[in-house]
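Here's the structure we're looking at; comments come further down.
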Amino acid sequence: EAQVTQNPRYLITVTGKKLTVTCSQNMNHEYMSWYRQDPGLGLRQIYYSMNVEVTDKGDVPEGYKVSRKEKRNFPLILESPSPNQTSLYFCASSPGLSNQPQHFGDGTRLSIL
Amino acid sequence: AQTVTQSQPEMSVQEAETVTLSCTYDTSESNYYLFWYKQPPSRQMILVIRQEAYKQQNATENRFSVNFQKAAKSFSLKISDSQLGDTAMYFCAFMKHKGGSEKLVFGKGTKLTVNP
């Protein structure tokens, strides 16, 4: 089954404790992206990757890091999480062709205390 | 930069009736894609319908159809014969035809409640 898998689905942690949210896709997609969803703001892009070792900032990259060492994986790293990063996070992937829709993971709810 | 505006934060409709969700966008691009995504309480992001800007014909998917007015930069979603399972947050989104980032620009969403 074609899917984008995020882990964990839920996480409650404390300020400053490094965390990683993993994202993996099994569709051999070129393009992967991270979004955060906040009430009243919709979804905003954090980082994206067009291919292995190619990443770039989206609209709200501050406080986040990403890496793309393998085509299927695109982890989101919060080196020193802060309460304003409490949010719902989505990973998405697509073949990299604009006429193909993006596939979303099921989301990760992060709470930073 | 592109912006997407959904002017209705919340809407409600009776089961079996028709409802229209509004979306306007701002762009200087001539070729682009527009999407409606549905987010039920399970939080999944589900693609409802997609429209390519260079196509004049409005997209339809079963009970879902769009009214795409390119000159007015409007992209409304019509849901016919509303069902209880249509209760969800609906997001309108824009993507440039090219440009590399494949970034979806989302509106803030419309919360739709279908009442029995």
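Throughout, a chain's letter reflects where its sequence line sits, starting with A, and its residues are numbered from 1.
- A/D56 does not touch chain B: none of its heavy atoms, backbone or side chain, sits under 4.5 Å away.
- Here CD of A/Q37 is found 8.5 Å from CZ of B/F106. Values are rounded to the nearest 0.5 Å.
- Of the two parts of A/R44, neither the backbone nor the side chain holds a non-hydrogen atom closer than 4.5 Å to a non-hydrogen atom of chain B.
- For B/K78, the NZ atom counts as loosely surrounded, since its 6.0 Å shell holds 12 or fewer non-hydrogen atoms of other residues, nucleotides or ligands.
- Here the closest non-hydrogen pair linking B/L104 and A/Y35 is N-OH, 3.1 Å.
- In terms of hydrophobic clustering, with Ile, Leu, Val, Met, Phe, Trp and Tyr side chains grouped at heavy-atom distances under 4.5 Å, A/L110 and A/L88 are assigned to different clusters.
- Applying the 6.0 Å contact sphere to NZ of B/K108 captures no more than 12 heavy atoms from other residues, nucleotides or ligands.
- Considering only heavy-atom pairs separated by less than 4.5 Å from chain A, the leading option among B/M89, B/Q44, B/Q6 is B/Q44.
- Note on A/M50: it does not cluster hydrophobically with A/V52, by side-chain heavy-atom contacts below 4.5 Å among ILVMFWY residues.
- For a residue to count as touching a neighbouring chain, one of its non-hydrogen atoms must lie under 4.5 Å from one of that chain's; by this rule B/Q39 touches chain A with the side chain only.
- Neither the backbone nor the side chain of A/T55 has a heavy atom closer than 4.5 Å to any heavy atom of chain B.
- In this structure, chain B has no heavy atom under 4.5 Å from any part of A/D38.
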message = Let's go through A/V4 and B/M45 carefully: what are the C-alpha distance in whole Å and the side-chain angles of both, what is the deciding distance for side chain to side chain contact (heavy atoms under 4.5 Å, CB included) to 0.1 Å, and is it a yes or a no?
response = CA-CA 11 Å; A/V4 178; B/M45 291 293 287; over 6 Å; no
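- Of the residues considered (A/D106, A/L41, A/L43), A/L43 shows the highest number of contacts with chain B, using heavy-atom pairs under 4.5 Å.
- B/L84 CG: more than 12 foreign heavy atoms inside a 6.0 Å radius.
- The minimum heavy-atom distance linking B/R43 with A/F90 is given by the pair O-CZ, 3.1 Å.
- For the atom pair OH of B/Y37 and CZ of A/F104, the computed distance is 4.5 Å after rounding to the nearest 0.5 Å.
- The number of heavy-atom neighbours closer than 6.0 Å to CD of A/E53, taken from other residues, nucleotides and ligands shown, is above 12.
- Atom CG of A/N84 has more than 12 neighbouring heavy atoms from other residues, nucleotides or ligands inside a 6.0 Å radius.
- Tracing side-chain contacts under 4.5 Å through hydrophobic residues (I, L, V, M, F, W, Y), one reaches B/F91 starting from B/M95; they form part of the same cluster.
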